[in-house]
Amino acid sequence: MNHQIIDDRDPTTLSLEDLAALRENLHEQRLFRREQLQQLSSPASTRTDAALDRRAVSQIEVRVKLAASARMVLTDVEDALARMDQGRYGSCHRCQEPIAREHLMIVPQARCCTRCRRVGEAGR
């Protein structure tokens with residue numbers, strides 16, 4: 001006999017367990033990004049400025065770009081945690097509709113639903 005499990009739950013509804021798991025994920029991401037920024041801000045080399053070659057300059061440029069990206073993600077993560085605390089988590093920033101549960105499970109710091117995100121990307 002073949003039994004199929006059907007999930008009658010609304011795809012946008014987050015359970016208390018979902019929220020707890022998402023909060024934990026966001027806290028882990030925040031910790032990771034803070035550690036990443038700390039590592040990226042430490043001196044990359046003990047050489048003097050006069051001894052910097054093209055390779056060292058290139059490595060510094062990469063570190064600067066990685067740090068900027070980490071700061072952006074950290075801001076998004078902290079904003080998501082604030083939305084959770086304020087009871088606004090899971091609603092699209094643009095249209096106020098719920099963000100799909102599956103999307104939040106993949107990108108817990110998401111601010112927009114898939115439709116609004118695509119519209120925003122298309123407008124660039």
Side-chain angles (χ1 to χ4, degrees):
M1 186 176 230
N2 187 5
H3 292 281
Q4 184 177 5
I5 298 173
I6 299 173
D7 187 356
D8 293 335
R9 183 168 52 168
D10 177 353
T12 59
T13 302
L14 294 170
S15 69
L16 291 177
E17 293 82 13
D18 291 339
L19 284 171
L22 288 164
R23 184 180 292 275
E24 183 177 338
N25 182 311
L26 289 165
H27 280 291
E28 288 173 6
Q29 282 191 54
R30 179 169 58 184
L31 180 63
F32 172 78
R33 294 302 175 180
R34 285 178 176 172
E35 289 173 354
Q36 183 183 29
L37 285 167
Q38 187 175 13
Q39 290 172 358
L40 289 169
S41 66
S42 65
S45 174
T46 57
R47 298 188 221 182
T48 64
D49 288 340
L52 288 177
D53 57 6
R54 279 189 217 165
R55 184 172 173 203
V57 169
S58 176
Q59 289 174 347
I60 290 170
E61 289 173 358
V62 168
R63 289 171 70 97
V64 167
K65 289 178 182 178
L66 284 172
S69 176
R71 276 191 295 276
M72 279 180 30
V73 173
L74 178 59
T75 298
D76 289 345
V77 166
E78 289 177 337
D79 288 349
L81 287 166
R83 287 192 305 275
M84 275 186 173
D85 292 342
Q86 297 162 358
R88 298 184 299 113
Y89 182 79
S91 295
C92 178
H93 182 70
R94 293 183 178 155
C95 71
Q96 307 308 314
E97 292 294 320
I99 300 172
R101 178 185 176 276
E102 297 82 26
H103 184 63
L104 288 171
M105 291 299 183
I106 296 167
V107 186
Q109 68 270 23
R111 297 179 59 153
C112 296
C113 66
T114 304
R115 185 176 54 81
C116 287
R117 191 189 72 215
R118 286 184 183 145
V119 167
E121 289 172 357
R124 288 184 200 172

Atom CZ in R33, atom CG in L40: separation rounded to 0.5 Å?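 If I round to the nearest 0.5 Å, the distance is 10.0 Å.
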Using 0.5 Å steps for rounding, measure from the CG atom of N25 to the CZ atom of R30.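 Rounded to the nearest 0.5 Å, the CG-CZ separation comes to 12.0 Å.
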Do [X] and [Y] have side chains that approach each other closer than 4.5 Å (heavy atoms only, starting at C-beta)?
X: L74; Y: Q29; answer: no
X: M84; Y: D79; answer: no
X: R117; Y: H103; answer: yes

Would you kindly confirm whether L26 and L19 end up in one hydrophobic cluster when ILVMFWY residues are joined by side chain heavy atoms under 4.5 Å apart?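 Result: yes, single cluster for both.
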Examine V77 and M105 and state if one hydrophobic cluster contains both, with Ile, Leu, Val, Met, Phe, Trp and Tyr joined whenever side-chain heavy atoms are less than 4.5 Å apart.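 Same cluster.
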[Y] backbone acceptor or donor facing [X] side chain under 3.5 Å:
X: Y89; Y: A82; answer: no
X: R63; Y: Q39; answer: yes
X: S41; Y: L37; answer: yes

Show the nearest heavy-atom pair for residues [X] and [Y], with the distance to one decimal.
X: C92; Y: I99; result: N-CG1, 3.8 Å
X: A110; Y: R83; result: O-NH2, 3.2 Å
X: L14; Y: R101; result: CD2-CG, 3.7 Å
X: L22; Y: L104; result: CD2-O, 3.3 Å

